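Step one of this worksheet: look at the structure below.
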Amino acid sequence: MKIWVDADACPVVIKEILFKAANRTQTELTLVANHGMHLPPSRYIDFIQVGAGFDVADSEIVKRLNAGDLVITSDIPLADEIITQGGHVLTSRGEPLTPSNIKPKLNMRDFMETMRSSGVQTGGPPPLNQADRQAFANQLDKWLVKNRP
């Protein structure tokens, strides 16, 4: 069991929660990004830097993923690939993405993309708040307890 992080877009506060959880539970955590980042010293935390380019980090995660691994991402197409390969997905807002909810989310994402490309201003998600952080920490702990070896 391993945790992968789509780290380019992952909020710093979520990374900090992940660092603490990895050390506390002795769970392997690997961040994948196309830019360097500072990590705390830990035998459980690793980093893979990939080249620049669209979806390069996503492709690296998909390539290295094992069924049962957890991926932290809010990227819906990546989440769909992860779920198809037997992985688990948790967004940085603490929402588990599952086989039962990923297709509607993918359809909504595609619809919103069509709206944006036609010139409609859709805005982005609201800033991460304390409730989101708590939801993430709770769902992460729940997953770690359920999937302990």
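Computed from a prediction, not measured in an experiment: that's the story for all the values here.
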Are any of the side-chain heavy atoms of [X] and [Y] separated by less than 4.5 Å?
X   : Y    : result
L90 : W143 : no
T27 : M1   : yes
R93 : S74  : no
L31 : I45  : yes
L65 : K2   : no
H88 : K146 : no
V5  : I14  : no
R64 : T30  : no

query: Do any N or O atoms from the side chain of D132 and from the backbone of N129 form a donor-acceptor pair under 3.5 angstrom?
result: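 Indeed, once roles are kept as given, a pair shorter than 3.5 Å links the two residues.
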Same hydrophobic cluster for [X] and [Y], using side-chain heavy-atom links shorter than 4.5 Å among ILVMFWY?
X    : Y   : answer
I61  : M37 : no
I82  : V50 : yes
L70  : L97 : no
L144 : Y44 : no
I3   : L78 : no

Check [X] against [Y] and note the closest heavy-atom contact, atom names and distance.
X    : Y   : value
A22  : L29 : CB-CB, 3.9 Å
I72  : C10 : CG2-SG, 4.5 Å
F136 : S92 : CB-O, 3.8 Å

message: With side-chain hydrogen bond (donor to acceptor under 3.5 Å, both in side chains) as the rule and sequence neighbours excluded, what pairs involving residues 4-21 come up?
response: W4-D69, D6-T73, D8-H35
[X] [atom1] to [Y] [atom2] distance, which is reported to the nearest 0.5 Å:
X    : Y   : atom1 : atom2 : answer
I102 : I76 : CD1   : CD1   : 5.0 Å
Q26  : R43 : CD    : CZ    : 6.5 Å
K63  : I48 : NZ    : CD1   : 8.5 Å

- request: May I have the step-by-step check of side-chain contact (heavy atoms from CB on, under 4.5 Å) for V56 and E60, ending in yes or no?
  value: CA-CA 6 Å; V56 177; E60 190 67 25; 5.9 Å; no
query: What residues, two or more places apart in sequence or in another chain, satisfy side-chain contact (heavy atoms from CB on, under 4.5 Å) together with D55?
result: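 With neighbours one apart ignored, the set is D58, D75.
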